[in-house]
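Accompanying notes for the structure given below.
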2 protein chains.
Amino acid sequence: MSKLSDVHGPDEVREAFRVYLRDRGIKYTTPRQKVLDAVLDLHHHFDAEQVLYALKERDLKVGKATVYRTLPLLVDCGVLKEVRFDVKQTHYEHAFGEGPHDHMVCRRCGRIVEFASDEVVELRSRIGRRHNFHVISHRFQLTGLCWDCAIVCPVATMPAPERRE
Amino acid sequence: MSKLSDVHGPDEVREAFRVYLRDRGIKYTTPRQKVLDAVLDLHHHFDAEQVLYALKERDLKVGKATVYRTLPLLVDCGVLKEVRFDVKQTHYEHAFGEGPHDHMVCRRCGRIVEFASDEVVELRSRIGRRHNFHVISHRFQLTGLCWDCAIVCPVATMPAPERRE
DNA sequence: ATGCTTGCAAAACGTTTGCACAGGG
DNA sequence: CCCTGTGCAAACGTTTTGCAAGCAT
């Protein structure tokens with residue numbers, strides 16, 4: 001049970017984080033545990049501020065700086081994955097449990113549809129090979145209209161008044 | 001000669017911008033012309049600050065705010081395209097002249113390799129169809145090691161000390 | 001003449017950092 | 001114990017905005 005991609009339960013994730021920190025000589029402190037716990041309770045996509053808010057809700061006081069310093073650790077150890085939408089803040093999602101996927105964002109309602117990316121991975125290595133580039137990761141984001149919005153607004157190209165997330 | 005994707009010369013681009021503005025009741029002012037001219041002289045990828053610097057170099061004084069207000073207009077009218085790398089600033093590139101393409105960024109030296117995206121466009125509509133999503137645009141960015149860096153550093157996964165652009 | 005546009009400076013925004021103090025190994 | 005980690009607040013860099021003055025139509 002060392003590969004995080006095979007891990008599902010919160011306890012296993014916590015253990016993985018502890019081991020990751022110990023192996024690198026980084027301390028498994030209370031604030032870092034709190035951040036991890038808060039992150040485990042969040043789903044879908046969230047940013048640093050939402051983590052901070054989740055902590056405040058649980059009466060777990062952790063400084064903003066600590067949250068910003070811990071999230072990269074969680075990314076680096078494979079608990080979280082950075083997800084960059086077209087906004088200035090960095091978003092995160094759980095990197096364990098479900099397989100790799102990419103996102104489609106509805107221009108109108110902001111809805112996010114996830115899709116598995118087997119074909120994308122295949123395509124990316126084909127392209128890499130063609131250009132002598134060793135591909136390590138990718139970001140593939142589609143923008144458009146979800147089913148509901150496409151009905152309401154068949155030829156919409158204008159951005160919606162407000163977008164979520 | 002109305003489709004900007006078929007337009008190549010600076011004069012045609014300027015004309016397209018003028019028409020775009022007129023059609024929307026926005027004025028074709030001197031500062032906006034200056035920004036366009038500066039942008040036409042820049043190549044590859046650039047951000048707002050570089051536009052500002054290019055203007056300063058040519059003794060064309062345009063306020064920072066005006067640059068920030070003009071760039072979205074140029075994007076909207078199809079002269080520029082937003083290119084988001086994993087940095088906080090927004091980068092732009094010319095949206096006319098050459099066909100659509102995506103980018104591979106070398107994790108180590110920051111080099112950017114462009115590749116045509118026919119297969120990507122095909123894949124994106126296939127995925128969209130599968131999920132009842134009307135895809136309008138995409139962003140496909142590959143990260144990895146370019147040929148030179150892959151030789152120097154065959155198993156590099158650590159980010160380089162500094163990245164360009 | 002009217003009202004969009006400009007430029008400046010200040011605000012806003014998410015994120016990072018300096019520093020004195022606390023706490024883990 | 002020592003040295004790392006914490007929390008606060010202040011700094012940061014990019015982008016946005018308020019506002020008085022300027023200029024195009």
Side-chain angles (χ1 to χ4, degrees), chain A residues 14 17-38 45-56 59-77 80 82-92 159 162-163 165, chain B residues 17-38 45-53 55-56 59-77 80 82-92 159 161-165:
Chain A
R14 273 186 274 265
F17 187 41
R18 203 184 56 73
V19 169
Y20 163 85
L21 292 178
R22 175 170 48 62
D23 288 354
R24 317 192 82 195
I26 303 174
K27 292 174 185 169
Y28 187 51
T29 60
T30 314
R32 293 210 249 250
Q33 292 175 46
K34 288 179 182 172
V35 172
L36 175 56
D37 281 358
H45 310 101
F46 53 88
D47 58 20
E49 205 190 341
Q50 285 169 275
V51 175
L52 216 36
Y53 180 76
L55 286 164
K56 215 167 285 174
D59 281 313
L60 303 174
K61 298 161 236 300
V62 178
K64 175 188 295 192
T66 301
V67 170
Y68 274 102
R69 283 187 278 231
T70 303
L71 288 175
L73 292 176
L74 290 169
V75 170
D76 197 52
C77 87
L80 294 183
E82 280 190 3
V83 183
R84 307 237 184 189
F85 299 111
D86 282 354
V87 292
K88 52 192 73 177
Q89 326 97 276
T90 302
H91 283 82
Y92 300 88
E162 271 191 321
R163 281 177 229 180
E165 193 147 4
Chain B
F17 187 42
R18 204 185 55 72
V19 169
Y20 163 85
L21 293 177
R22 174 170 49 62
D23 288 353
R24 317 191 83 195
I26 303 174
K27 292 173 186 167
Y28 188 51
T29 59
T30 314
R32 293 209 250 250
Q33 292 174 46
K34 288 179 182 171
V35 172
L36 174 57
D37 281 358
H45 310 101
F46 52 87
D47 58 19
E49 205 189 341
Q50 284 169 275
V51 175
L52 215 35
Y53 180 76
L55 285 165
K56 215 167 286 174
D59 282 312
L60 304 174
K61 297 160 233 302
V62 178
K64 175 187 296 193
T66 301
V67 170
Y68 275 102
R69 285 187 278 233
T70 304
L71 289 175
L73 293 175
L74 290 170
V75 170
D76 198 51
C77 88
L80 294 182
E82 278 191 5
V83 183
R84 305 236 183 190
F85 300 111
D86 283 353
V87 290
K88 50 194 71 177
Q89 327 98 276
T90 302
H91 283 83
Y92 301 88
E162 272 191 323
R163 281 177 227 180
R164 287 191 284 102
E165 190 146 8

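Chain letters run A, B, ... following the sequence lines, proteins first, then strands; residues in each count from 1.
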Task: Protein-nucleotide distance (B:Gln89, atom CD; D:dT16, atom P), rounded to Å - done: 13 Å

- [ ] Can you measure from NE2 (B:His45) to OH (B:Tyr92) and round to the nearest 0.5 angstrom?
- [x] 13.5 Å

TODO: Measure the distance from CZ on A:Phe46 to C1' on C:dG14 and round it to the nearest whole Å.
DONE: 17 Å

- [ ] Would you indicate what B:Arg32 reaches in the nucleic acid, counting non-hydrogen atoms under 4.0 angstrom: base, sugar-phosphate, or nothing?
- [x] sugar-phosphate

- [ ] Nearest 0.5 Å please: distance from the OG1 atom of B:Thr70 over to the CZ atom of B:Phe17.
- [x] 6.0 Å

- [ ] For B:Arg24 and C:dT5, give me the distance from atom CZ to atom C1', rounded to whole Å.
- [x] 16 Å

Task: Any donor-acceptor N/O pair under 3.5 Å between D:dG7 base and A:Arg69 side chain - done: yes

Task: Phosphate OP1/OP2 of D:dT15: any B:Thr90 side-chain N/O under 4.0 Å - done: yes

Task: Nucleotide nearest B:Lys64 (side chain, heavy atoms from C-beta), chosen from C:dT15, D:dT25, D:dT15 - done: D:dT15

Open item on the list: How many whole angstroms separate atom CG of A:Leu21 from atom P of C:dG24?
Closed with: 14 Å

Open item on the list: Between B:Thr29 and C:dT6, is there a contact of a side-chain N or O with OP1 or OP2 at under 4.0 Å?
Closed with: yes

Task: Contact under 4.0 Å: A:Thr30 side-chain N or O vs C:dG23 OP1/OP2 - done: no

TODO: Give a yes or no on whether the backbone of B:Lys27 and the side-chain of B:Arg32 come within a donor-acceptor separation of less than 3.5 Å.
DONE: yes

Open item on the list: Please find the pair of heavy atoms, one from A:Asp76 and one from A:Tyr20, that lie closest to each other, and give the distance.
Closed with: OD2-OH, 2.6 Å

- [ ] Return the value, rounded to whole Å, for the distance between atom OH of A:Tyr92 and atom C1' of C:dG14.
- [x] 11 Å

Open item on the list: What's the closest nucleotide to the side chain of B:Pro31 if the choices are C:dG3, D:dG7, C:dG7?
Closed with: C:dG7

TODO: Specify the separation, in whole Å, of atom CG of B:Leu73 and atom P of D:dT16.
DONE: 12 Å

Open item on the list: Expressed as a whole number of angstroms, how long is the span from A:Leu52:CG to C:dC13:C1'?
Closed with: 15 Å

Open item on the list: Restricting to non-hydrogen atoms, name the atom on B:Lys34 and the atom on B:Leu55 that form the minimum distance, rounded to 0.1 Å.
Closed with: O-CD2, 3.4 Å

Open item on the list: For A:Gly63 and B:Asp47, find the nucleotide of DNA chain D closest to each by heavy atoms; which residue's nucleotide sits nearer the 5' end?
Closed with: A:Gly63

- [ ] Rounded off to whole Å, could you give me the CD-to-C1' distance for the B:Gln50 and D:dG13 pair?
- [x] 15 Å

Task: Per A:Lys27 side chain, nearest of listed nucleotides C:dG14, C:dT5, C:dG24 - done: C:dG24

Task: Toward the 5' end of DNA chain C, by each residue's nearest nucleotide, B:Ala65 or B:Lys88 - done: B:Ala65

Open item on the list: Tell me whether the side-chain N/O atoms of B:Tyr68 come closer than 4.0 Å to OP1 or OP2 in D:dT15.
Closed with: yes

TODO: Could you tell me whether B:Lys61 contacts a base, only the sugar-phosphate backbone, or nothing, with contacts defined as non-hydrogen atoms closer than 4.0 Å?
DONE: sugar-phosphate

